[in-house]
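Notes follow once the structure below has been shown.
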Amino acid sequence: KMADDQLIIDAGQKHFGPVSCGSCGMIFSASSAEDEAQHAQYHQRLLERLRYVGWKKERIVAESFDWKILMICPDDPKYARRKAEEVRELVDAELGFQQTNPNSPARACTYLYVTSDKKIAGCLIAEPIRQAFRVLAEPPSPEDKSLERHRAWRCSSDPQPAICGISRIWVFSPMRRRNIASRLMDAVRSSFIYGSHLNTDEIAFSDPTPDGKLFASTYCAV
Ligand code: ACO
Ligand code: ZN
């Protein structure tokens, strides 16, 4: 077993109140047996899904010494598509998406960010689109407790031409704010249309979360 698969950190002291697992990111109460059992189950399932064993034929679209980004397309072998699907399910569960498929699953490509220790730390799903609607208003205030608050951006009613829609972008929570999402975006821009490089205004984010909007506005501004 790898060291970071360790479930219980036992330094002799008792933990009261919530603790956060450094490898799966779950926050739970270490003093509750029920919570710990739930964490153990979640932890194991998550790390299994995020493990990348490696394939003979990979489509690497960007890499450095300790990471690489793979692109998985609809015509790829089943084992690759199955892995992409597994990661998407996990991302959808975290985002609270009910809908089970991207808008056009038959044409969507999945990008996986894989670390040198064979873990998937980020995922992006991109699909071809023709138009997008610019977000106009700032997010509603946090005091607004309505359920729709998170998705209630106001959009312009006249469509702008666009080429690539980002239907999901996700980074494993312990690894956020280390440029992983930015690298995934750079990889999409240089690989989504063969032989061309997309500008940020040719890319649109569908239904962004508050995190997604903060990221997108920063990434697209540079
Ligand atoms: N708050 C404020 N600014 C942010 C945030 C944030 N949560 N996330 C990114 N930024 C800005 C920062 O300026 C950041 O640079 P800095 O860290 O030097 O300040 C810059 O964007 C680049 O950020 P990255 O490190 O490249 O982004 P990261 O790898 O952390 O991933 C992501 C961002 C994907 C939004 C991540 O927070 C995440 O997975 N969140 C949960 C899932 C989610 O909500 N995804 C978006 C769904 S919307 C959609 O899928 C279309
Ligand atoms: Zn854990």
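We count ligands from 1, going down the list as the structure has it; atoms in each ligand are counted the same way.
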Minimal non-hydrogen separation, Arg178 against Pro174, with atom names:
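The pair with the smallest heavy-atom distance is NH2-O, 3.2 Å.
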Exercise: identify the closest heavy-atom pair between Phe192 and Pro128:
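Where Phe192 meets Pro128 most closely, the heavy atoms are CZ-N, 3.5 Å.
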Touching ligand 1 at all, Trp170? Heavy atoms, strictly under 4.0 Å?
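In this structure, Trp170 qualifies as a contact of ligand 1 - some heavy atom is under 4.0 Å.
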Would you say Ser173 touches ligand 1, if touching means a heavy atom closer than 4.0 Å?
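False for this residue.
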Counting only heavy atoms not in Glu34 (residues, nucleotides, ligands), do more than 12 fall under 6.0 Å from its CD?
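Atom CD in Glu34 is not crowded, with 12 or fewer foreign heavy atoms closer than 6.0 Å.
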Please check whether [X] reaches ligand 1 - meaning an N/O of the residue sits under 3.5 Å from an N/O of the ligand, judged on distance alone.
{"X": "Pro208", "result": "no"}
{"X": "Ile169", "result": "yes"}
{"X": "Phe205", "result": "no"}

Of the options Asp186, Asn179, Thr200, which is the one that meets Tyr219 in a side-chain hydrogen bond (donor to acceptor under 3.5 Å, both in side chains)?
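One option only clears the test, and that one is Asp186.
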Below 4.0 angstrom from a heavy atom of [X], which ligand 1 atoms are there? Numbered from 1 as shown, please.
{"X": "Ile166", "value": "51 (C)"}
{"X": "Ser167", "value": "50 (O), 51 (C)"}
{"X": "Ala181", "value": "26 (O), 27 (O), 28 (P), 29 (O), 31 (O), 33 (C), 34 (C)"}

Taking atom 42 (C) of ligand 1 as the point of reference, which of Thr209, Leu95, Asp211 owns the nearest heavy atom?
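Residue with the shortest heavy-atom distance to the ligand atom: Leu95.
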For atom 17 (O) of ligand 1, the option (of Lys213, Glu94, Arg177, Met175) bearing the nearest heavy atom:
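Closest candidate by heavy-atom distance is Arg177.
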Would you mind telling me which of Asp201, Asn199, Ile129, Leu198 makes a side-chain contact (heavy atoms from CB on, under 4.5 Å) with Ile163?
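So, applying the side-chain contact (heavy atoms from CB on, under 4.5 Å) to Ile163 and each of Asp201, Asn199, Ile129, Leu198, only Leu198 qualifies.
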Can you name the one residue among Lys68, Lys119, Arg183 that meets side-chain contact (heavy atoms from CB on, under 4.5 Å) with Tyr113?
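That would be Arg183.
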Looking only at heavy atoms, is any part of Arg178 under 4.0 Å from ligand 1, and if so is it the side chain, the backbone, or both, or is it neither?
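For Arg178, the contact with ligand 1 is made by the backbone alone.
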Return the CH2 to CG distance between Trp170 and Leu95, rounded to the nearest 0.5 Å.
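Trp170 atom CH2 to Leu95 atom CG measures 9.5 Å (nearest 0.5 Å).
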Of all N, O or S atoms in His43, identify the one at the shortest distance from the Zn ion (ligand 2).
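Answer by atom name: ND1.
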Which residues pass the side chain to side chain contact (heavy atoms under 4.5 Å, CB included) test with Ser173, sequence neighbours left out?
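Once residues adjacent in sequence are excluded, the partners of Ser173 under the side chain to side chain contact (heavy atoms under 4.5 Å, CB included) criterion are Arg176.
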